[in-house]
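Written out below as structure tokens is the structure these notes cover.
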Protein chains: 2
Amino acid sequence: MKNISKEDYLSEIYKNSDENGQVKANLIAEKLQVSNAAVTDMLKKLKREGQIKYEPYRGVELTSKGKEYAKNMVRRHRIWEVFLHQIVGLPWDKVHDEAHHLEHSGSDELINKMEEMLNFPQFDPHGDPIPSKLGIVPEQKHNVALSNLKQNQKGVVIRVNDFDNNFLIYISQIGIKLKKEIKVCEVLNFDKSILVEIDGKKNNLSRTIAENIFVEIKK
Amino acid sequence: MKNISKEDYLSEIYKNSDENGQVKANLIAEKLQVSNAAVTDMLKKLKREGQIKYEPYRGVELTSKGKEYAKNMVRRHRIWEVFLHQIVGLPWDKVHDEAHHLEHSGSDELINKMEEMLNFPQFDPHGDPIPSKLGIVPEQKHNVALSNLKQNQKGVVIRVNDFDNNFLIYISQIGIKLKKEIKVCEVLNFDKSILVEIDGKKNNLSRTIAENIFVEIKK
DNA sequence: AATAAAATTTAAGGATACTTAAGTTTGTAT
DNA sequence: ATACAAACTTAAGTATCCTTAAATTTTATT
Ligand SMILES: [Mn+2]
Ligand SMILES: [Mn+2]
Ligand SMILES: [Mn+2]
Ligand SMILES: [Mn+2]
């Protein structure tokens, strides 16, 4: 087990790439909670290994080799999440932290066996796509942040951000889960919070919460 | 996850303690496949932390703190083994290597949940005892190495050593598993190999193989 | 184009966990 | 009691992954 850090860097670069596949060094530092200097160090190592394209002061970009590695890590993480949720019965607010450690252990054969056991899931418990053994990433339904909906629009939850456990616990409590329909009743001009209806019950969601829930807009 | 090495040292000290709880430094080096010098280094660190009693040139001994930590690691390892065997369906020759990595990840809560799911198993797939949450180690039935049996004695397999996958694959192939009865038909003076009967079929086992299978002697 | 601010790298250093080679201590054999 | 080999530790050095502080490059502002 020598590559835990490297693997985390590669995953994070993959997950934070923009449309052109570029990432800023400092964004990686922030996501991984390390200093900018640590990132520079690691980027040099990853470049030496041919995992990334990197010129000092410019952004970072995965090479095809690096992207393959990164996608496999994301795959491992998300399969662990589904496994922990469906087989072990952990709630969706617990699986990310456990998977973050487990993703670095267990052979690829074990991951493949778990995937088969789970009947080849396409998405993790938060709606994120799971790259296949061959590196193919399932297409998401077209979705937008709930905060973008106008009054009286309805959306079906496709994905939620998984990095804050309390956020996940909270939205579960008010009935939000994948595939649930949410109707926006009112957008408050005061603080841009929104009043939504879920299962016939009304709730006020802060803008920040609404920005972390992604829905397919229903006509 | 910063303690992987330390955890491996503690487990190994625990598993290799003699009747007086003592272990020789070089035995740890051999088991962990590192240099003797590396062991000396780590022993100093573990002593500083109060996990072991250690005086240079004398043996090592776990303190109660160290023993508690070590037993928990052994518990984690063995629960992972049972889980991988029973839930994921891995054969007994695959579980040790996977568990050796997984034992360092996953919260204690996850381990406890898996244990419950497995209905609190007392022994792992190789017959090794699983310490409880409270640190209580289940008693093994009295057993001896198969190599100690005399001609015409019968034994029931209680435990097998799990550190060599090919050994496990081989003995599975000839029908040996936990609870299986084995009869010693003949001990060959030539090389101390033994002729055994399993399910009515005869097989010759080398002394080395017989030394790694432990049986309860049947009258 | 000059200047200031922001982003990023370099420099120096620390902890962990190894390595090999060179001592030191211990126990055994004569 | 001495000598010697085996067991063990110390010394010196390496790789990884991190830190803070200082320097540099880029970018935005005037
Ligand atoms: Mn996740
Ligand atoms: Mn993760
Ligand atoms: Mn094992
Ligand atoms: Mn192990």
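Chain letters run A, B, ... following the sequence lines, proteins first, then strands; residues in each count from 1.
Within the structure, a side-chain polar atom (N or O) of A:Ser5 is placed less than 4.0 Å from OP1 or OP2 of D:dC18. Between B:Ser35 and C:dC18, a side-chain N or O to OP1/OP2 separation shorter than 4.0 Å is absent. For B:Tyr9 and C:dC18, the shortest distance from a side-chain N or O to OP1 or OP2 is below 4.0 Å. Contact annotation: A:Lys45 side-chain N/O to D:dC17 OP1/OP2 distance is under 4.0 Å.
In this structure, A:Gln33 places its CD atom 13 Å from P of D:dT20, rounding to the nearest Å. Between the CG atom of B:Leu10 and the C1' atom of C:dA17 there is a distance of 15 Å, given to the nearest Å. One interatomic measurement links the two molecules: CD of A:Glu30 to P of D:dC18, which rounds to 16 Å at whole-angstrom precision. Here the C1' atom of nucleotide D:dA15 and the CG atom of A:Leu46 are 15 Å apart, to the nearest Å. Separating the CZ atom of A:Arg48 from the C1' atom of D:dT16 is a distance of 11 Å, rounded to the nearest angstrom. At whole-Å resolution of the value, NZ in A:Lys6 and C1' in D:dC18 are 14 Å apart. Taking atom NE2 on A:His104 and atom P on D:dC17, their separation rounds to 12 Å, with Å as the unit. The separation between A:Met42 atom CE and D:dA15 atom P is 15 Å, rounded to whole Å.
The aromatic rings of B:His96 and B:His100 lie parallel to each other, their planes meeting at an angle below 30°, with 60° marking the opposite boundary.
In this structure, a donor-acceptor pair under 3.5 Å is absent between the side chains of B:Glu61 and B:Tyr54.
The number of heavy atoms from other shown groups lying within 6.0 Å of CG (A:Asn20) is above 12. Atom CD of B:Glu68 has 12 or fewer neighbouring heavy atoms from other residues, nucleotides or ligands inside a 6.0 Å radius.
Note on A:Arg207 versus A:Glu211: salt bridge recorded, some NZ/NE/NH1/NH2 to OD/OE distance being below 4.0 Å.
Looking only at distances, no side-chain donor or acceptor of A:His77 sits under 3.5 Å from a matching main-chain atom of A:Glu103.
The six-membered or imidazole ring of A:His104 lies away from that of B:His101, with a centre-to-centre distance of 6.0 Å or more.
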Q: Can you check each nucleotide of nucleotides 4-10 of chain C against protein heavy atoms at under 4.0 Å and return B for base, S for sugar-phosphate only, - for none, in 5' to 3' order?
A: ---SBBB

